[in-house]
Amino acid sequence: MSAIQARAGAGHVVVIGGGIAGLAAAHRLLDRGARVTVLEASDRVGGKLLPGEIAGVRVDLGAESMLARRPEAVALAREVGLADRLQPPATATASIWTRGALRPMPKGHVMGVPGAASALSGVLSDEGLRRIERDAELPRTEVGDDVAVGEYVAARLGCEVVDRLVEPLLGGVYAGDAYRISMRSAVPQLFQAARERDSLTEAVREIQAKAAAAPQAGPVFMGIEGGVGQLPLAVAESVMARGGEILLKTRADGLNRTPEGWKVLIGGDILEADAVVVAVPAQQASRLLSAASPGAADELRAVEYASMALITLVYRRADIALPEGSGFLVPPVDGHTIKASTFASQKWGWLADEDPDLVVLRTSVGRYGETEILRREDSDLVAVSRHDLREATGLDAAPVETRVTRWTDGLPQYPVGHYARVARIREHVAALAGLAVCGAAYDGVGIPACIASAYAAVDQLGGDLRGVQELTANPVQSLHGGAGE
Ligand SMILES: Cc1cc2nc3c(=O)[nH]c(=O)nc-3n(C[C@H](O)[C@H](O)[C@H](O)COP(=O)(O)OP(=O)(O)OC[C@H]3O[C@@H](n4cnc5c(N)ncnc54)[C@H](O)[C@@H]3O)c2cc1C
């Protein structure tokens, strides 16, 4: 039993940030018997999970899919009453718009790295395929403490596989640059394999064999009827139903250590806490920690972010005929503007059922370092999306409604050295009892990884809360801000 459980109801923990990480932390803290207050700067919970409506159809305007091969997101959805609304994608096929055509997304690779060249036939040129085969003859490529995914894979298998497959796949997750992204942080299983094996294709075959031997774990991805944006709403509801407080429009401005615990500065108010979970993006976390932990603040300030925009387009079903599958990725090497398109109504059965006469598509633009495209007007982003969709799929019809959702600094970048940076941040944070950090900036940007980081933060506090003085007053009452949704 953790220290928080032992002191049921006694420890007051303030969670700063009402995104999925902060909410998951609050949920888990309540399980452990803590008294919880979540501070959320904006007027809604959820952060990058954002449910919306367009042309009368419910859609996700942010994240739209949860990896189900790791348990945290699906398990949390079940815990907060969404079990009946979990839905796998309606199609397992996708495409890649490469070398002038939409081609089936190859199967049999680990983040674009194949176990054999033949797995990528069609996607790569013959020369690109032949280059992959040289992997078996090449001397070992040392990876040291970390290496960029693109650099290592290009050294083993050639640039084409990076530019045409690894890059768009990694870009889909990080909006990043494969030649900068850390293999250790972004694809740890490949990093481990690369440390142990000389041949990368052989290492991938081994990963695949292990996966094939494991008991079938169900769908790789999962959605939620109404959108994954429903998850934070349900978690927030559960948090409040169990006595947790969620204060919207309540920005934490700073954190000070006291002999008894922590003071959270909110405008002119002070909120006292036995412990604090900082669940905000790195730049905000850096500002919050500047007084209490200048070392952590410096490291957090160095974490870079990529901005992107999602363009949602709704068409009349009668007007369009899309290729089958859930959509397509776009390698940047071909010079197109969009980086991916999701055929949302084909991907999610619940969305197709929302209005059978309408079809929802979305495109994304913006990668790390690409700022020009995001300075364009919404109408321009719709126009470039329509242009690229026409080229890729022949779709010429006019949408009945469009929506541009901008995610400025939406995705943290994990460049080479990120793993070591995060270790240093955690070391600084661990030096301060009653402080933990979690969220997308640390050990993974996906929803399950953010939830896992929240649970790890709570476990860390479980130790720290031992022996902390009980707080009897409830200073929350004096604060402005409404209750959560
Ligand atoms: C466009 C887009 C699409 C994505 N698609 C997917 C997907 O399909 N699947 C997937 O798994 N992942 C996806 N991701 C990644 C994933 O959604 C995010 O990494 C994750 O939701 C981040 O959660 P978080 O709680 O760490 O941070 P956030 O969602 O950023 O939440 C942080 C919260 O803290 C609040 N805050 C900030 N500063 C303060 C302060 N000082 N005081 C109080 N509150 C503060 C913010 O308002 C925000 O609500 C996507 C990301 C983006 C941007």
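Just so it is clear, the model here is predicted, and its values are computed rather than measured. For ligands, and for the atoms within them, numbers begin at 1 and follow the listed sequence.
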Ligand 1 atoms nearer than 4.0 angstrom to some heavy atom of P281 are 30 (O), 32 (C)
I'd like to check whether R362 has a polar contact with ligand 1, where a contact means an N/O of the residue lying under 3.5 Å from an N/O of the ligand.
no
Identify whether the distance between the nearest side-chain nitrogen and carboxylate oxygen of E370 and R367 falls below 4.0 Å.
yes
Note: D253, heavy atoms under 4.0 Å from ligand 1, region reported as neither
The answer for which part of Q284 has a heavy atom under 4.0 Å from ligand 1 is side chain
With sequence neighbours left out, the residues meeting side chain to side chain donor-acceptor pair (under 3.5 Å) with D353 are none
Polar contact flag for I447 and ligand 1 (N/O pairs, less than 3.5 Å): yes
Worksheet item: Quick one: does NZ or CZ of R85 land under 6.0 Å from the six-membered ring centre of W350, within 45 degrees of the ring axis?
Response: no
Going by the 4.0 angstrom heavy-atom rule, the piece of I20 near ligand 1 is both
Checking heavy atoms under 4.0 Å, the part of L411 that sits near ligand 1 is side chain
The option among E64, E40, R251 carrying the non-hydrogen atom nearest to atom 8 (O) of ligand 1 is E64
Under 4.0 Å between heavy atoms, the region of T250 that gets near ligand 1 turns out to be backbone
